[in-house]
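Everything below concerns the one structure shown next.
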Amino acid sequence: MARSHKHTNSLSDELEKAQEFAVKVSLDPDTAHPNLVLSKDLKQVNYTGQTQTLPDNSERFSSFLCVLGKQKFSSGKFYFEIQVKGKTAWELGVARESVDRKEEDTQTVQKGYWLLSMDSVYNTSDDPPVVFPMRSSPEKVGVFVDYDEGLVSFYDVDKDSLIYSFTDCGFNENILPLSHNSSITN
């Protein structure tokens, strides 16, 4: 379905406004699942399929293949971009600081995860998940959070298009960026 020029401009304006709240994000190695390898600059995470010998601290994910950002947010607005170009599967978004990192259960909004994942289709962490086809594979995904409004939005940055939004999130504690198989671009 073709979008009108006016609609495209409003989405472009919406993304530009979100980008005004850009923050620097680095990944926290203490939270990374043992099958994930982080780059030295703590901006990239890749799945290796091989388990590294790492301390099993309380912050480390042991069942979910993900890593949290070091930055914590408890108010206001923030935005970050994640490079997913060439990745066949990825997962990203934000999570409550208190999520159970050892639990072998699904990552859902009710458990404190606001995520978008891609593996041939888009999936959300709603319960039940919202599943929808991809129009095209994004190269870079922007994540915008308005903590006070309870909003998490995901954008295809290069296409200036909104992929999905969680509303009425009801944040009540620190939230942190979450990533798997991708690169932070700021």
Side-chain angles (χ1 to χ4, degrees), residues 1 3 11 14-15 18 25 27-28 31-36 45-47 49 59-69 72-73 77-184:
M1 181 166 79
R3 277 186 265 184
L11 263 177
E14 184 180 319
L15 180 56
V25 172
L27 301 171
D28 184 349
T31 67
H33 185 282
N35 287 16
L36 299 178
V45 56
N46 290 295
Y47 172 70
E59 295 88 28
R60 186 171 312 286
F61 283 93
S62 59
S63 59
F64 294 127
L65 292 169
C66 61
V67 59
L68 293 174
K72 300 175 184 180
F73 301 92
K77 299 173 183 175
F78 66 96
Y79 173 87
F80 59 98
E81 292 181 351
I82 299 182
Q83 184 82 18
V84 294
K85 180 180 181 179
K87 303 293 183 178
T88 57
W90 47 261
E91 184 171 47
L92 51 91
V94 295
R96 284 195 313 242
E97 185 175 21
S98 67
V99 293
D100 187 335
R101 301 173 194 191
K102 308 299 181 187
E103 182 180 43
E104 292 190 32
D105 201 356
T106 55
Q107 293 170 298
T108 63
V109 167
Q110 292 78 4
K111 294 186 182 287
Y113 296 92
W114 293 269
L115 306 176
L116 179 69
S117 59
M118 187 281 296
D119 188 5
S120 75
V121 295
Y122 287 121
N123 287 281
T124 71
S125 58
D126 291 296
D127 188 16
V130 175
V131 179
F132 52 100
M134 296 176 9
R135 291 188 195 101
S136 63
S137 295
E139 294 187 3
K140 192 183 296 180
V141 176
V143 181
F144 173 72
V145 177
D146 185 332
Y147 188 100
D148 303 316
E149 293 294 321
L151 173 71
V152 181
S153 294
F154 299 90
Y155 295 91
D156 181 331
V157 175
D158 298 316
K159 300 231 185 305
D160 281 337
S161 63
L162 177 67
I163 300 171
Y164 187 78
S165 286
F166 292 98
T167 57
D168 301 320
C169 297
F171 301 125
N172 58 8
E173 65 176 86
N174 289 337
I175 56 173
L176 299 90
L178 180 147
S179 183
H180 162 68
N181 206 24
S182 55
S183 303
I184 306 290

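Here, residue 1 is the first one in the sequence, and each next residue gets the next number. Just so you know, these numbers come straight off a predicted model, no measurement behind them.
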What pairs of donor and acceptor atoms, side-chain ones from residues 87-94 against any protein atom, are under 3.5 angstrom apart with sequence neighbours left out?
residue : atom : partner : partner atom : Å
Lys87   : NZ   : Asn46   : OD1          : 2.8

**Report entry** Worked check of side chain to side chain contact (heavy atoms under 4.5 Å, CB included) between Phe144 and Leu162
**Finding:** CA-CA 11 Å; Phe144 173 72; Leu162 177 67; over 6 Å; no
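- The structure places CG of Asn174 at 12.0 Å from CZ of Arg96, a figure rounded to the nearest 0.5 Å.
- The minimum heavy-atom distance between Pro138 and Asp156, with the atom names listed, is CB-OD2, 3.5 Å.
- Here Ser62 contributes atom OG and Asn35 contributes atom CG; the two are 11.0 Å apart, rounded to the nearest 0.5 Å.
- For CD of Glu149, the number of neighbouring non-hydrogen atoms (other residues, nucleotides, ligands) closer than 6.0 Å is 12 at most.
- Note that the CG atom of Asp126 and the CD atom of Gln110 stand 7.5 Å from one another [nearest 0.5 Å].
- In this structure, Lys72 places its NZ atom where only 12 or fewer heavy-atom neighbours from other residues, nucleotides or ligands lie under 6.0 Å away.
- Nearest heavy atom pair, residue Leu68 against residue Ala95, reads CD2-CB, 4.2 Å.
- Looking at heavy atoms from C-beta onward, Phe78 lies out of side-chain contact with Val25 at the 4.5 angstrom threshold.
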Requested in this report: Kindly indicate, with the supporting measurements, whether the criterion side chain to side chain contact (heavy atoms under 4.5 Å, CB included) is fulfilled by Leu151 and Ser165.
Outcome: CA-CA 7 Å; Leu151 173 71; Ser165 286; 4.1 Å; yes
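- The aromatic ring centroids of Tyr147 and Phe73 lie 6.0 Å or more from each other.
- Pairing each heavy atom of His180 with each of Cys66, the nearest pair is CB-CA, 4.3 Å.
- Using cut-offs of 30° and 60° on the angle between ring planes, the pair Tyr164 and Phe166 is perpendicular.
- The CD atom of Glu81 sits 5.0 Å away from atom NZ of Lys140, with the distance rounded to the nearest 0.5 Å.
- Summarising the geometry of Tyr155 relative to Ser153, their closest heavy-atom pair is CE1-CB, 3.7 Å, with the distance given to 0.1 Å.
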Can I get a per-line list of side-chain donor-acceptor pairs under 3.5 Å for residues 112-121, giving both atom names and the distance, sequence neighbours left out?
residue : atom : partner : partner atom : Å
Ser117  : OG   : Asn123  : O            : 3.4

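- The shortest side-chain heavy-atom distance between Arg101 and Thr31 falls under the 4.5 Å cut-off.
- Nearest heavy-atom pair across Leu27 and Ser179 is CD2-CB, 4.4 Å.
- Across every non-hydrogen atom of Thr106 and Phe64, the tightest pair is C-CZ, 4.0 Å.
- For the pair Val143 and Val152, the minimum side-chain heavy-atom distance is below 4.5 Å.
- A distance-only check finds a donor-acceptor pair linking the side chain of Lys102 to the backbone of Arg60 [under 3.5 Å].
- The line from OG1 of Thr124 to CD1 of Ile163 is 12.5 Å long, rounded to the nearest 0.5 Å.
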